[in-house]
Amino acid sequence: PRIRPNLPPSAYVVLTRNRARKGLKSVPRISKRIVDSAEPGDKDYVIWDDELPGFGLRVFTSGKRSYVIQYRTRGRSRRYTIGLHGVWTPETARREAKVQLGRVAQGENPAEERELDRKALTMKQLCEQYVADMQAGLILGKGGRPKKASTVEVDTGRIRRHIIPLVGNRRVQDITKADMNNLMRDIIAGKTRVSVKTERLRGRAIVRGGPGTATRAMGLLGGIFTYAVQLGIVEHNPTHGLKKPKYKVRDRRLSEAEYRTLGEILARARKSDHYKIHTEILQLIALTGCRKTEIVELKWSEVDFEGSCLRLSDSKEGASVRPIGLPAIDFLEKRHAHRTGTYVFPGQGDDNAVGNFPQSWKKLFTESPLWDVTPHVLRHSFASIANDLGFTEITIAALIGHAKGSVTSKYVHTLDTTLVMAADTVSGYVQALLEGTKFQRNSYTFDRRSRQDAIDRMLSDARAAG
């Protein structure tokens with residue numbers, strides 16, 4: 001006989017005793033024949049199994065059927081759906097019901113756990129929340145300062161082009177150290193390689209992957225998981241202890257002969273109206289050792305001619321006072337006589353900084369012996385020249401605005417004369433090289449008599465000066 005759906009859907013009791021009196025429908029054992037014979041009605045209803053109390057078959061008005069268990073925990077009746085008939089058979093559903101009811105007997109709550117799982121944060125949701133807080137200035141970077149707009153843009157790109165495509169659908173709480181290792185390997189292998197159009201005019205981001213990209217992405221993921229730990233989303237950071245590829249150390253520097261070649265290239269390019277302003281930017285980077293962005297976006301209000309320094313309001317290390325040599329001061333004074341607007345190197349249109357600099361310097365060097373020279377190479381070369389001239393590491397760090405030696409105090413009004421002298425020396429040496437000067441260097445002889453003679457000359461000169 002067919003089973004009729006005249007059953008109240010909310011009715012429930014774990015034990016089978018007196019079910020008929022309470023209006024519940026049950027069968028000795030839910031089998032395939034019982035499932036196939038159950039007809040849909042005006043309301044959903046459940047057929048309970050007498051052999052396994054709490055196990056039932058739910059019949060929907062649509063005709064679909066699913067296996068469920070019903071149990072009581074902490075004074076509340078809870079229903080847990082095992083799955084649809086077809087995916088599950090009566091026997092496989094029965095075995096699963098025994099497992100889940102066993103968990104209930106041990107004090108667990110499968111229905112509540114599933115509900116929490118459904119509400120669990122995915123990696124994509126965590127990343128988007130991190131990006132929103134980063135854009136709001138709530139994520140702190142170096143020195144406890146909010147991340148700069150340029151850093152936010154780069155980090156957002158890494159999140160949306162590498163992290164989300166690979167693990168965006170995974171639950172945050174399920175991510176393991178092994179998952180992080182696999183993600184890193186996928187980025188190294190170039191699985192996220194893509195070329196996409198950006199919001200900028202004619203802008204395009206070419207995403208290649210590789211070891212460097214993987215290392216930076218994993219560093220960013222470490223920060224995202226630290227953020228998740230702080231919010232109580234997870235207890236541990238799965239990126240901790242992960243072996244990452246080492247950064248490729250950029251140790252390219254210009255030789256003195258290459259400096260002279262650079263001077264020739266800049267002199268030729270300066271005759272072109274298109275390249276003139278870009279050659280001047282490269283020259284100032286070479287004379288100061290500043291970062292590319294610090295010079296491209298330099299404002300006249302940040303140039304202190306009297307103090308022989310740049311008072312940068314927002315460098316990579318925050319506010320920074322940067323000593324510059326006399327050749328750089330002379331260069332800036334000539335430009336200052338013809339200044340137009342806020343920026344030392346103004347762009348077209350409104351009062352803004354020059355654009356298109358990266359494309360220009362690449363074109364300048366493409367067909368030259370200096371094809372691999374970048375603004376960072378000029379910065380590194382400036383520091384290397386300073387080292388060659390005998391200046392200490394802390395002095396060099398102050399000259400180029402490195403974190404361990406940067407002069408950052410807003411109360412510094414007059415720089416140490418030692419730093420100005422160092423800037424004059426290095427800048428003057430670089431300027432001479434760009435103009436084609438060839439220096440003769442005397443090698444130091446390590447025999448005792450030569451060393452003593454050198455000491456005697458130094459003392460003699462010092463006494464004469466005194």
Side-chain angles (χ1 to χ4, degrees), residues 148-151 153 198-203 262-365 373-376 378-379 382 399-401 407 410 412-413 415 420 423-424 426-428 430-431 434-435:
K148 296 179 64 178
S150 57
T151 304
E153 183 179 357
T198 64
E199 296 177 357
R200 294 183 179 179
L201 181 63
R202 296 190 297 275
L262 174 62
E264 294 171 1
I265 293 173
L266 296 182
R268 287 195 301 269
R270 198 173 289 120
K271 297 174 184 178
S272 165
D273 291 338
H274 177 73
Y275 288 116
K276 187 175 187 298
I277 193 169
H278 299 119
T279 61
E280 292 178 340
I281 291 173
L282 286 168
Q283 182 176 351
L284 192 56
I285 292 174
L287 293 176
T288 61
C290 288
R291 297 178 180 89
K292 175 190 69 176
T293 306
E294 292 169 350
I295 297 300
V296 171
E297 299 179 0
L298 183 63
K299 299 176 181 178
W300 285 118
S301 59
E302 296 174 318
V303 180
D304 183 349
F305 290 105
E306 185 177 348
S308 193
C309 64
L310 303 178
R311 298 185 180 274
L312 304 175
S313 58
D314 187 21
S315 72
K316 185 177 180 180
E317 306 303 332
S320 176
V321 181
R322 205 72 55 79
I324 57 174
L326 190 58
I329 289 291
D330 289 341
F331 174 88
L332 287 167
E333 283 180 341
K334 290 176 183 177
R335 283 199 63 84
H336 189 258
H338 306 284
R339 68 185 183 279
T340 55
T342 303
Y343 293 90
V344 174
F345 299 102
Q348 298 178 351
D350 295 333
D351 192 14
N352 53 17
V354 67
N356 205 34
F357 174 65
Q359 291 80 0
S360 292
W361 65 255
K362 288 176 184 176
K363 289 179 181 177
L364 279 174
F365 297 141
V373 170
T374 66
H376 181 81
L378 298 182
R379 173 175 164 82
F382 181 92
L399 290 177
I400 65 174
V407 183
K410 64 182 179 180
V412 174
H413 299 294
L415 285 175
V420 176
D424 282 345
V426 181
S427 185
V430 170
Q431 179 66 35
L434 292 174
E435 292 173 351

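For clarity, every value in this text was computed on a predicted model and none was experimentally measured. The chain is numbered in sequence order, starting from 1. Keep in mind that the numbers below use all heavy atoms, side chains included, and drop hydrogens, waters and symmetry copies.
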Contact summary for Asp424 and Leu326, nearest pair of heavy atoms: OD1-N, 2.7 Å

Partners of Ser313 by side chain to side chain contact (heavy atoms under 4.5 Å, CB included), sequence neighbours excluded? Glu302

Less than 4.5 Å apart, side chain to side chain, heavy atoms only: is that true for Ile281 and Trp361? no

Give the minimum heavy-atom separation between Pro346 and Thr340, together with the two atoms involved. CG-OG1, 3.7 Å

Could you measure the distance from the CG atom of Leu312 to the OG atom of Ser320? Nearest 0.5 Å is fine. 5.5 Å

Heavy-atom side-chain contact between Leu310 and Val303 under 4.5 Å: yes

Count the heavy atoms belonging to other residues, nucleotides or ligands that lie under 6.0 Å from CD of Gln348, then report whether that count exceeds 12. no

With a 4.5 Å cut-off on side-chain heavy atoms, are Phe382 and Val426 touching? yes

Do you know which two heavy atoms are closest between Pro323 and Cys309, and how far apart they sit? CA-CB, 4.0 Å

Drop me the distance from Glu297's CD to Lys292's NZ, to the nearest 0.5 angstrom. 9.5 Å

Checking Asp273 now: which residues fulfil side chain to side chain donor-acceptor pair (under 3.5 Å) with it, not counting sequence neighbours? none

List in chain and number order the residues that pass side chain to side chain contact (heavy atoms under 4.5 Å, CB included) with Arg270, two or more places apart in sequence or in another chain; answer none if no residue qualifies. Leu266, Ala267, Lys276, Thr279, Gln283

Atom CD1 in Ile324, atom OG in Ser308: separation rounded to 0.5 Å? 5.5 Å

So, taking the atom named OG in Ser360 and the one named CZ in Phe365, what distance separates them when rounded to the nearest 0.5 Å? 11.0 Å

Side-chain polar contacts of residues 327-335 - donor-acceptor pairs under 3.5 angstrom, sequence neighbours left out - could you list them?
unit_1, atom_1, unit_2, atom_2, d
Arg335, NE, Val344, O, 3.2
Arg335, NH1, Glu280, OE1, 2.3
Arg335, NH2, Val344, O, 3.1

About how many Å separate CG of Leu399 and OG1 of Thr288, when rounded to the nearest 0.5 Å? 10.0 Å

Taking C-beta and beyond as the side chain, do Tyr343 and Val296 meet within less than 4.5 Å on heavy atoms? no

Considering only residues two or more places apart or on different chains, which pairs with a residue in residues 294-323 satisfy ring pair (Phe, Tyr, Trp, His ring centres under 6.0 Å)? Trp300-His336, Phe305-His336

Determine the minimum heavy-atom distance between Arg379 and Ile400, stating which atoms define it. NH1-O, 2.7 Å

Are the side chains of Leu282 and Phe357 in contact, using a 4.5 Å heavy-atom criterion? yes

Which residues satisfy the side chain to side chain contact (heavy atoms under 4.5 Å, CB included) test with Thr342, sequence neighbours excluded? Lys299, Asp351

Sequence-distant partners of Glu264, side chain to side chain donor-acceptor pair (under 3.5 Å), two or more places apart: none

Non-neighbouring partners of Glu294 that pass side chain to side chain donor-acceptor pair (under 3.5 Å), sequence neighbours left out: Arg291, Arg322

Set of residues satisfying side chain to side chain contact (heavy atoms under 4.5 Å, CB included) with respect to Lys363, sequence neighbours excluded: Tyr275

Who are the side chain to side chain donor-acceptor pair (under 3.5 Å) partners of Thr151, not counting sequence neighbours? none

Starting at CD1 of Ile285, measure out to CG of Leu378 and round the result to the nearest 0.5 Å. 6.5 Å

